Each structure stands twice: as structure tokens, then as C-alpha cells.
Amino acid sequence: MTAQSPEPSPRPASSGELRASHDDREAVVEQLRDAAAEGRIDFEELDSRLEQALRSKTHAELAVLTADLPAPHAPGDQPALVLKGGLYGASRGPERWDVPGHVIAHGGVGGVKIDFSRVESRLKEIAVEAYGETAGVTLVIPDGWAADTSGMDPGFGGLKDKTSADRLPGTPLIRLTGSGGMAGVVIRHPNRWERRKLHGNPSRG
């Protein structure tokens, strides 16, 4: 009796043959909408491509829809956002804003507040350098976001971390470094007043 030859191993799928996820399709939909807003494709073509994108099952099928469009600009490739408190203070948020992967805050004598409450980010991490200096820095992050403050020097003013460790899937991690300086650094979730304002006007921005 002759020995049977082993069956060949299945060929691994190429990158184009890999199945697309909901996030993959959503990223293409967003790129197509941006292209229409910039006038690269008309709205009739947008509707056609959106329909195909939602029906696409593989990366190759999605790639065809954006092959003639420039690559999307990734937030993580943006230059660092630098906020300086100066004499009168500085802030960002709570309106919607495009957060880069690196944020630097100098409290100065006016203080800095950065509110991420309405930020929607696909970044896995957001690096924040906070220097409390004379007036301090306050960071507000949404419920479900988490922070790693192990690289922070509390300085004379200290570090107050009032955030929860419960991190929701798909949310970025705030990796906080820097120094508390004289006035310190605070990182927390929205307070009662801020929550009321968010719920009362969720579409602002």
C-alpha cells in the first residue's frame, strides 16, 4: 500500500484578499466624503462609490474606490499642538477639534485648559506634555478614556489624577509627561457643570 502524499498547505491570502472590517469601510467612506467636499469627485460619483464601499468585502475592493485620490492625512502625522498660558491663559475645547498625536501645554502665569470632551480620535495614544509652571494645566478627558501618568514629574505643585482606569475599546490612551511646576497639573473627567453643558448642546462645534 503506497503512502499518501500530504495535502498542500493552504495559500495565505494576499493583503488585497483580506476581509475588510467595519472600521476599514468607515475609513474609506470618510475619505470619499472628504474628496467630495474638496471637489475631487462630484456628488453623483460619491453616492456610487459610497454604495460600493458599504458592499465591499475585501481590502482590494475598497482600494479601487480610492486609487485615484490622495492618501488621507493622518492626525498622528500633524505637527505638535503647543499651547502657552502666557499672561491671559489659553484653552482648547470643548468644541470639536482635530487633535494631533502630540500636545504640549505650558501653564505660564495665565494657565492652560485642554478639553477633549468632544474629540473623536482613532489614535491609539495621544502624548501630552504638561508643564504647570505658575498657573497650572488642566486636562479634561471623556468618560471611557484613560491616562498613563507614570512619566509625570509632580514637581512642587503636584499631579492630581482624578480619572478612572476603565478604558473603553477603541479610545486613545493619554500618555502624560512633563512637570507640575509651581501650580501643578490636573487630569480629570468632566465635572457636573461640564456634563450638563455637553448634554444640553451636544452638537456644538
Side-chain angles (χ1 to χ4, degrees), residues 20-27 29-30 72-85 89-108 110-205:
S21 68
H22 293 306
D23 287 344
D24 295 329
R25 284 186 282 271
E26 185 59 33
V29 165
E30 186 175 341
H73 182 69
D77 296 334
Q78 295 179 20
L81 170 66
V82 181
L83 294 172
K84 296 182 178 181
S91 64
R92 181 58 61 93
E95 70 279 355
R96 290 190 177 91
W97 55 288
D98 190 11
V99 61
H102 190 189
V103 179
I104 304 172
H106 292 272
V112 170
K113 181 179 180 180
I114 306 176
D115 192 336
F116 295 89
S117 297
R118 287 194 174 99
V119 166
E120 295 180 4
S121 176
R122 296 189 179 186
L123 296 172
K124 293 182 178 180
E125 289 188 4
I126 300 173
V128 178
E129 293 181 50
Y131 302 94
E133 300 176 347
T134 305
V137 174
T138 298
L139 307 174
V140 182
I141 65 174
D143 296 320
W145 287 30
D148 178 0
T149 62
S150 60
M152 184 79 187
D153 175 10
F156 183 79
L159 167 67
K160 294 182 180 178
D161 183 358
K162 301 179 180 180
T163 61
S164 167
D166 298 330
R167 181 183 175 192
L168 293 176
T171 61
L173 174 71
I174 299 293
R175 194 169 293 281
L176 184 60
T177 59
S179 172
M182 292 293 294
V185 172
V186 176
I187 182 166
R188 59 176 174 78
H189 298 298
N191 59 31
R192 182 181 302 176
W193 181 85
E194 289 163 338
R195 291 179 194 277
R196 185 180 303 169
K197 191 173 181 180
L198 283 169
H199 295 156
N201 190 9
S203 61
R204 181 185 168 192

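Predicted, not measured: the structure shown is a model, and the values here were computed from it.
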For a side chain to side chain contact (heavy atoms under 4.5 Å, CB included) check, start with the C-alpha distance between Val112 and His106, then their side-chain angles and the critical distance, and finish with the verdict.
CA-CA 7 Å; Val112 170; His106 292 272; 5.9 Å; no

Main-chain N/O of Asp115 paired to Trp97 side chain as donor or acceptor, under 3.5 Å
yes

Between Glu133 and Gly108 (side chain of the first, backbone of the second, donor and acceptor by atom type, cut-off under 3.5 Å), is there such a pair?
yes

Kindly write out the residues that satisfy side-chain hydrogen bond (donor to acceptor under 3.5 Å, both in side chains) with Thr163, not counting sequence neighbours, or none if the list is empty.
Asp161

Does the side chain to side chain contact (heavy atoms under 4.5 Å, CB included) test come out yes or no for Lys160 and Val185, once each step is laid out?
CA-CA 6 Å; Lys160 294 182 180 178; Val185 172; over 6 Å; no

Interatomic distance, OG@Ser21 vs CD@Glu26, rounded to 0.5 Å, equals 10.5 Å

For Gly132 and Ala183, work out which heavy atoms get closest and say how close.
O-CB, 4.4 Å

If every non-hydrogen atom of Ser121 is compared with every non-hydrogen atom of Ile126, which pair is closest and at what distance?
OG-CD1, 4.3 Å

Residues forming a side-chain hydrogen bond (donor to acceptor under 3.5 Å, both in side chains) with Arg92, sequence neighbours excluded:
none

Return the minimal non-hydrogen interatomic distance between Ala90 and Lys84, and the atom names on each side.
CB-O, 3.5 Å

So NE2 of His189 and NZ of Lys162: to nearest 0.5 Å the spacing works out to 12.0 Å

What are the two closest heavy atoms between Ser179 and Gly155, and how far apart are they?
OG-CA, 4.4 Å

Between Pro142 and Phe116, the two heavy atoms sitting closest are CG-O, 3.3 Å

CD1-CD1 distance between Ile114 and Ile141, expressed to the nearest 0.5 angstrom:
12.0 Å

Report the distance from atom OG of Ser117 to atom CZ of Arg96, rounding to the nearest 0.5 Å.
11.5 Å

Please report the shortest heavy-atom distance between Arg122 and Ala27, naming the atom on each side.
NH1-CB, 3.4 Å

Rounded to the nearest 0.5 Å, what separation is found between the CG atom of Leu159 and the CG atom of Asp153?
9.5 Å

Between CG of Asp148 and CG of Leu173, what distance do you get to the nearest 0.5 Å?
6.0 Å

Say whether, by atom type as modelled, one donor and one acceptor occur between the side chain of Arg195 and the main chain of Pro190 under 3.5 angstrom.
yes

Can you name the side-chain hydrogen bond (donor to acceptor under 3.5 Å, both in side chains) partners of Arg188, sequence neighbours left out?
Glu194

Among Val103, Val186, Val128, find the one that has a side chain to side chain contact (heavy atoms under 4.5 Å, CB included) with Leu139.
Val128

